[in-house]
Protein chains: 2
Amino acid sequence: MQLLLEKVESQILASGGKRSRSRSAVIAQFFRCGRHVSVEELTRLVKKRSPAVGSVTVYRTMKLLLRLGYVNEVDFGEGVTRYESNMSSHHDHLVCKSCGVVTEFIDSRIEELQSEVAHKHEFRPLTHRLDIYGYCRKCDSERDVPEMSV
Amino acid sequence: MQLLLEKVESQILASGGKRSRSRSAVIAQFFRCGRHVSVEELTRLVKKRSPAVGSVTVYRTMKLLLRLGYVNEVDFGEGVTRYESNMSSHHDHLVCKSCGVVTEFIDSRIEELQSEVAHKHEFRPLTHRLDIYGYCRKCDSERDVPEMSV
DNA sequence: CTTGATCATGAAATTCATTTTCATGATAGC
DNA sequence: GCTATCATGAAAATGAATTTCATGATCAAG
Ligand SMILES: [Mn+2]
Ligand SMILES: [Mn+2]
Ligand SMILES: [Zn+2]
Ligand SMILES: [Zn+2]
């Protein structure tokens, strides 16, 4: 982990950037916390250890990591951009519309069929986004329970 | 087409709304123009025939059609919401990153596999969004051409 | 170690799509 | 025609994200 942080920092140096406390704090916290973090959430976490860090620096740092290829932006239609590490390989998402929990999956048959469809349309595919929205098991069973209220 | 407009208007009446010139103009223009229209584009088109109509009314009318189930919102990550008629059945999208052209497709095998994956994860799928980003044939061949500039 | 050029920072201002407010105009049903 | 209710457009407000700007930190050279 410390290794990863140093690798990122040296790549920042190599690309003409400089080290900084705030930025290190943001990067370390990002790799420490879970997936699909929003800037607001990440800022709150960073502020616990480094109260002086503002959200603007978090915005800038995430864009920097994006340029360096360490993160991906994801958007589940909430009006905010979320970030996930690019260390793990490509995957798609199951998004619960009730509790918001996100489950990752990969299905090579679907990936294969996507390539096939693209080529059938003379289209050169580069990336794709497959999000399935619905209810996770917990939320689905809760919705089945007949009226308990009032 | 005139039929469709009347159907929508009567449903608006039934749900407690009233008729209006501006709204009719927006609805008619929407069904007249192509798919994946943004509010800005639609407003410009409407203004040609009805210059007094403001974009706020277009925003409101599209949300109304959304509530009544006539349209879907689509988002290709451009920062603006686009609308498409809900008359045609579900489909997915091939989006050209160069010229922006959007091709629709449907592949029942992919749809089938999505259900399978969801159920494997004890997830009840309701909707999904599959967008494939890349280059259409025209843009792909143009990019292959070696440096022609200066 | 000092210097000086360059980069990074946070606060405030700005942008841009979208929504809300508000005073006024249009509509429907009596 | 009257009137309650809805729809309108302009302007203001919102909220995420970016830019500006004055100041502070960093680093390579000397
Ligand atoms: Mn993910
Ligand atoms: Mn479509
Ligand atoms: Zn859930
Ligand atoms: Zn193209």
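Computed from a predicted model, the values in this text were never measured in an experiment. Below, chains carry the letters A, B, ... as their sequence lines are ordered, and counting in each starts from 1.
Atom CD in Glu9(B) sits roughly 14 Å away from atom C1' in dA26(C) (whole-Å rounding). For the pair Met62(A) CE and dT9(C) C1', the computed distance is 18 Å after rounding to whole Å. Put simply, CG on Leu64(B) is 16 Å from C1' on dT19(C), counting in whole angstrom units. For the pair Arg44(B) CZ and dA17(C) C1', the interatomic distance rounds to 15 Å; values are reported in whole Å. Following rounding to the nearest Å, Lys63(B) (NZ) and dT20(C) (C1') show an atom-to-atom distance of 14 Å. The distance between atom CD of Glu41(B) and atom P of dA17(C), rounded to the nearest whole Å, is 12 Å.
If you check residues 16-28 of chain B against DNA chain C, the residues with a heavy atom closer than 4.0 Å are Lys18(B), Arg19(B), listed by number. At a non-hydrogen distance threshold of 4.0 Å, Gly79(B), Val80(B), Thr81(B) from residues 72-82 of chain B come into contact with DNA chain C.
For Gly54(A) against Lys47(A), the heavy-atom pair with the smallest separation is CA-NZ, 4.2 Å. Scanning both residues, Asp75(B) and Arg129(A), for their nearest heavy atoms gives O-NH2, 2.8 Å.
Distances shorter than 4.0 Å separate none of the side-chain N or O atoms of Tyr59(B) from OP1 or OP2 on dT19(C).
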- Message: Quick one, Gln11(B) with Tyr70(B), criterion side chain to side chain donor-acceptor pair (under 3.5 Å). Give me CA distance, side-chain angles, the key distance, then yes/no.
- Response: CA-CA 11 Å; Gln11(B) 195 173 341; Tyr70(B) 285 99; 2.5 Å; yes

- Going through the distances and angles, do Glu73(A) and Lys63(A) end up as a salt bridge (charged side-chain N to carboxylate O under 4.0 Å, His left out)? CA-CA 9 Å; Glu73(A) 292 184 333; Lys63(A) 287 295 184 190; 2.7 Å; yes

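Without hydrogens or angle criteria, Ser20(B) side chain to Arg23(B) main chain gives a donor-acceptor distance under 3.5 Å.
With hydrogens and angles left out, the side-chain atoms of Ser55(B) and Glu40(B) include no donor and acceptor closer than 3.5 Å. For the residue pair His36(A) / Glu104(A), a side-chain donor-acceptor distance below 3.5 Å is found, with atom types taken as modelled.
Residue contacts for Val53(B): at a heavy-atom cut-off of 4.0 Å it reaches the sugar-phosphate backbone alone, with no base atom in range.
Ring-centre distance between Tyr133(A) and His128(B): not below the 6.0 Å cut-off. Aromatic ring centroids of Phe105(B) and His91(B) lie 6.0 Å or more apart.
Listed candidates were dA28(C), dA11(C), dA11(D). Nearest to the side chain of Arg60(A) is dA11(C).
Residue whose closest nucleotide on DNA chain D sits further toward the 5' end, between Leu13(A) and Val56(A): Val56(A).
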